[in-house]
Each structure stands twice: as C-alpha cells, then as structure tokens.
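Just so we're clear, the structure is a prediction, and the values are computed from it rather than from any experiment. Here is how names work: the chains are called A, B, and so on, in the same order as the sequence lines, proteins then strands, and each is numbered from 1.
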Number of protein chains: 2
Amino acid sequence: MLSEAARVLAHRLERFGTLGADDKQVLRALVHHSHIHRPKGDVFREGDRRRDLHVVVSGLFCRYRLLADGSRQILAILLPGDLCDSSFWAEHPYDFSVGALACGSTATFSRTALQDLYRRPALARAFSLARHVDDAISREWLVNMGRRGMEQRLVRLLSELTWRLEALGLVLGNTITLAMNQTDLADALGVTHISVCRTLKQLEAEGLLVPERGRILVQDVAALRAAAGTYPAYLGAQMDVAQVTGLTEATRRHALAVALVN
Amino acid sequence: MLSEAARVLAHRLERFGTLGADDKQVLRALVHHSHIHRPKGDVFREGDRRRDLHVVVSGLFCRYRLLADGSRQILAILLPGDLCDSSFWAEHPYDFSVGALACGSTATFSRTALQDLYRRPALARAFSLARHVDDAISREWLVNMGRRGMEQRLVRLLSELTWRLEALGLVLGNTITLAMNQTDLADALGVTHISVCRTLKQLEAEGLLVPERGRILVQDVAALRAAAGTYPAYLGAQMDVAQVTGLTEATRRHALAVALVN
DNA sequence: CGAAGTTTTGACCAGTGTCAAAGCGAGTGG
DNA sequence: CCACTCGCTTTGACACTGGTCAAAACTTCG
C-alpha cells in the first residue's frame, strides 16, 4: 500500500521531468501512513494544523470551504497523484478542508523531510510544476465562475476532468463515468443543485451525457470536449498524453474501480 | 531604480522569513530592467513565451484573461512586491496576461538565475510562501464568486485590498483611496459594471465608501473591514502587521502617489 | 468647445435561486 | 424477502438578483 502511494506520486511528478531512481527511492522512504476514506469523510479540515503532507492515491477528493450559512464551495477536484495541499512551507493552519467525494485512499508523507527534498533539483522542479498546473486549473475555474453561463461551466468542468483522467490512463476508449453527484457539481460550480439538475437534463437532451444516480455517464468524450470548445492548454505539461503509461495495470484497474465506478 | 526594485522584492520576501545580507545582495544582482506602464498597458500577454520574471515595483496591476466574446476576467490584483507570475519553473507560454490598472512600474529578474536561487533555503522558502499567500487569495476569490452576493463580494474585495495595502505601509490612518474604476472592479468580481455601480451607490448610502471618478474613497477603513465580517486569516503570514516597516519613506510616498492617488 | 472615457439611471428581461413536494434507488433491519 | 428509510434527483411555481439595452450626465483633457 505504501509503495503504491509512492508510485502514484512519482508517476505524477514524472510528468514534469525525469526523476532519478534515487529520487524515487527517497519518496518511497518518506511515506508514513495510508488512509481509507468514505464519501464525505475529511482528510483534514480548515483550521487544522499543517502536519504531514497528504497525497491522493485513489478515488476522488476535493478541496473545499464551508461558509457561515452552511453552503460549501469546492475549490478543486483532486485525482490520484494530486497533493491535497501544495504549500510545502506554510506553517499556518489550513484555510480550507479536503474531503472525499467518492471512496478512496490517501497517504501521508513527512512534510519536513519533503522540505529537505528541495535540495534535489529534479524533485523541487517537479513539485513546483505540479503546483503550477494546480494554479492554472484554479485560474480556469475562476474564469468559469466569473464569466460563463451554466451550460458552459458544467461542460468545461466535466471536460477538464476527462482530460485529467485521461492523463492518468483512466479513460478507456471514448467513454467515461464520473462519480460525482449533482450536489458536488453544484458546489464546485457555485450554483444550486437544482440548477445543475436542469442543465444536466439539457445536456442529456443534446446527447452529451447521461445523468445517473450519483454519477455522470459520458458516452462520447470527444463530443463533450468539443462542446467545451478550446483545448485545455492550461493543463500544460500534464497533457503530455504520450506519457500516459506509468501506472501498473493493477493500479489502473483499482483506480477505475474505486474512483470512478465506485 | 533597479535597486529600488530589489528592495521592494526583498521587503516582500522578508515577510516570510529573514533573508541574509547575501540573499539580498543576490537579488540585487539579478535585476535586469525596469519598465513604466500606463493604465491598460500590458506587462505580458497570454500566449507570450515565459522569459524573465516580472515584479511589481509600484502601481496597481492585475492578472487577467480575455475571452472570445471580449469580456475580461481579472484573476488577481497585484500590488508592489507581487510577482506577476509565481510559476518559476514553467516553460510553457503564459495562460494569462498581466496589465496595469493604474500607472506603475515593474522590474524584470533573470528567471534562470532565480531558479538557481532555489539552492538558497531562505529564498526558496520565502518565494514559496509568497506563492502560498497568492494561492490563498485566489481561493478566497473563488469562494466570493461562487457563493456570495454582490454586496459582500465587493466589500470583501475592497477589504482585502485595504489589508494588503496596510501590510505595505500604504494606509495612512483610517482612510484610503483605491485607484480602481468600476469596470475593473466588475471584471474582478465577475459581474457587470452596471451592477458594480448600483452596489457602490448602496454602499455609499451605508456610509462605507464614496465612489469617485476612477477611484473609491474609503474614509473609515475599519468600518469597511467590519462589514466584510471575518478577519482575512487567509492572508496568513502577510498580515504580520508588526513588520510593516521596511520601505523607505521615499518609496512609501512614491507608492502612495503613483499607485493610489494616481 | 469638443471628444473620449466613465458613471449613472431607468425600463425590461432572463437566468438562477428558493421553496415545497413528489419520485426513485439503494441499502438496512426485521 | 419485504417494508422502510435515507439520500439523491426531478419538477413546478414564483421571487429576485443581476444582466441587457439605451441614453443622459459628468469629468478630464486637449
């Protein structure tokens, strides 16, 4: 399990530059624990002290903030290999929470040990670039929420996820199942679940997807992406689809089973 | 001028940990050029190749994206000391533009040289923490756009700016002038300038501010902050108001004149 | 004085939010 | 195996925020 975590993280980082065998070895040595999370379970909460670094190993997680009135804003969707928090050096308590959207597992790495890793150029660079992609996605979300109507917002979010999942090797052919319910989508898009429902129906009528209980079926990924318009260049390096290998077949199947079909 | 740039950057970074005299010396050695920008002038544009690293020295800038339909979404407001782009290692073209909202100046630092700086722990840590604050602000914006109504959005944005300006020593007493016009505010908040106008009038009626041509007068900063509700803990380390010194008096007056009154 | 950019107003409209209730599926305990 | 419960989805009526369009009022600057 622990080596699995190191492998997922290493695979993710290798998107951004080759790591030496020693780099990977170091990562492997830093894994502490592994945790299983059920939907709605939290990895950590806003206000918690920053301790170890959490990495998503399998499943679907999100960064989110809860407001005084009880509403929730999802700040980012996290897929296997993503860091729950990319601020290595921050000492302050978290200003957001991370929770599971679907069943999944995370692993912890020693934060202080990882800070030392900054002496290793390849790792420092890889972590920094991973963070860069994170930032770019966040910028895209900001644009989405600020300037696009419901349909485009939804389509673009889903399209983004298909690209990111494909980069992980989790898209088989032209079809995909996303294990998100309408409430989660709503909280990610800054709208109500009612609105998501209406728009989903509309997209279903357009033949772009099929909403099901707790998930979205996309039978024609290419069509969905086309509806989103532009190619998501903001995913930058991540989209080096050539590099898609890297997860073992077992890992892939596990991820598919746990994260998506769930 | 160039040493001015290094000083502003160093001052900003020192918020996040002490820099050695040698660290500062290194920064000073890396400044390339200085540029003056008029309102609406761009520092760089989406699609441009990433070359040197730009730092805001004085004035008010913003990161933004232009959409196909001509609308603009402002992604971040940049104040003196802020990096136009915090992705040191990214090689890809920019996925956003940076432009001036008010007259101001920027300086460029050698990107490759700065990358080498990562060997210096104090600098690496400081840059990383500066980025962390950047990210936290961006999260706050996401929450704002997703979950808050017009009045709160506007109040919180303005309140955030007062805090950030105070950390730079640019708030004299309890009064402040923000050199942003209604269109810029609208593009930052993801609404129309009409809506901003209406809300501004409302806030004026509540005695929180006075809209003027091209700027917002806040006579009672404390009241505005109170209206925003919570203390902006998300600004984290930046809000160490004790450390507010650091800019020379001349620099401060310059910044006040150029950035704010403009 | 004229031109350009910004702010202001008003009328009207559309998209979302709100509220309430019903429908459906999956899982649970009897 | 069935009845029940819980959580998620769907629908409809209605309210309301904020968007759209058009035009006028200012300011500033040349």
Side-chain angles (χ1 to χ4, degrees), chain A residues 38-41 60 67 69-74 99-103 144-155 157 177-205 209-217 261-262, chain B residues 38-41 60 67 69-74 99-103 144-155 157 177-205 209-217 261-262:
Chain A
R38 330 205 118 279
K40 304 190 180 217
L60 203 56
L67 304 205
D69 66 356
S71 60
R72 176 179 68 157
Q73 176 63 47
I74 292 181
L101 293 177
C103 286
N144 259 3
M145 314 238 318
R147 291 295 171 206
R148 294 200 242 260
M150 258 313 288
E151 184 163 327
Q152 269 294 299
R153 265 197 239 197
L154 190 42
V155 166
L157 173 61
T177 305
L178 295 164
M180 290 182 71
N181 66 32
Q182 300 182 2
T183 305
D184 293 337
L185 284 171
D187 288 350
L189 296 169
V191 296
T192 59
H193 67 111
I194 313 260
S195 193
V196 167
C197 179
R198 293 196 270 240
T199 312
L200 240 23
K201 286 271 134 191
Q202 202 175 319
L203 293 174
E204 182 179 22
L209 49 75
V210 183
E212 287 194 353
R213 183 187 186 73
R215 54 179 138 180
I216 312 289
L217 248 94
V261 183
N262 194 38
Chain B
R38 330 205 119 278
K40 303 188 184 223
L60 203 56
L67 303 205
D69 66 356
S71 59
R72 175 179 68 156
Q73 176 64 47
I74 292 182
L101 293 177
C103 286
N144 258 4
M145 314 240 313
R147 293 292 170 208
R148 294 199 242 259
M150 260 314 287
E151 183 163 327
Q152 268 294 299
R153 265 197 240 197
L154 190 43
V155 167
L157 174 62
T177 306
L178 295 164
M180 290 183 70
N181 66 30
Q182 300 182 2
T183 305
D184 293 337
L185 284 171
D187 288 349
L189 296 170
V191 297
T192 59
H193 68 110
I194 313 258
S195 191
V196 167
C197 178
R198 293 196 271 237
T199 311
L200 241 24
K201 285 272 136 192
Q202 201 174 319
L203 292 175
E204 183 179 21
L209 48 76
V210 183
E212 288 193 352
R213 184 189 185 72
R215 54 180 137 178
I216 311 289
L217 250 95
V261 184
N262 195 38

Just N and O in the side chain of A/K40: are any of them under 4.0 Å from OP1 or OP2 of D/dC6?
no
Position toward the 5' end of DNA chain C (nearest nucleotide), A/S195 or A/R213:
A/S195
Check the distance between D/dG19's C1' and A/M150's CE and give it to me in whole angstrom.
17 Å
Nearest-Å distance, CD1 (B/I216) to C1' (C/dT6)?
12 Å
Report the distance from atom CE of B/M180 to atom P of C/dT7, rounded to the nearest whole Å.
11 Å
Output the single nucleotide from C/dT18, D/dG19, C/dT7 whose closest atom is nearest the side chain of B/T192.
D/dG19
Nearest to the side chain of A/V191, which nucleotide is it out of D/dT11, C/dT6, C/dG17?
C/dG17
Examine C/dG10: is either OP1 or OP2 under 4.0 Å from a nitrogen or oxygen in the side chain of B/K201? Give yes or no.
no
Hey, are B/D184 and B/R72 close enough for a salt bridge, meaning a charged N less than 4.0 Å from a carboxylate O?
yes
Which of C/dT8, D/dT9, C/dA11 is nearest the side chain of B/R198? It is C/dA11
Does A/R153 reach the main-chain N or O of A/L189 with its side chain, forming a donor-acceptor pair under 3.5 Å?
yes
Give a yes or no answer on whether the side chain of A/T199 reaches the backbone of A/S195 with a donor-acceptor pair at less than 3.5 Å.
yes
Gap between atom CD of A/Q182 and atom CZ of A/R215 - 0.5 Å precision
13.5 Å
Atom CZ of B/R147 to atom C1' of C/dT16: distance rounded to whole Å?
12 Å
Can you measure A/L185 atom CG to D/dT9 atom P for me and round it to whole angstrom units?
9 Å
In whole Å, I'd like the distance from the CD atom of B/Q182 to the P atom of D/dA25.
18 Å
Of A/I194 and A/R153, the one whose nearest nucleotide on DNA chain C sits closer to the 5' end is A/R153
Whole angstrom value for the distance that separates C1' of C/dT16 from CG of A/L154:
14 Å
Rounded to the nearest angstrom, tell me the gap between atom CG in A/N181 and atom P in D/dT10.
11 Å
Roughly how far, to the nearest 0.5 Å, is CG of A/L178 from CD of A/E212?
11.5 Å
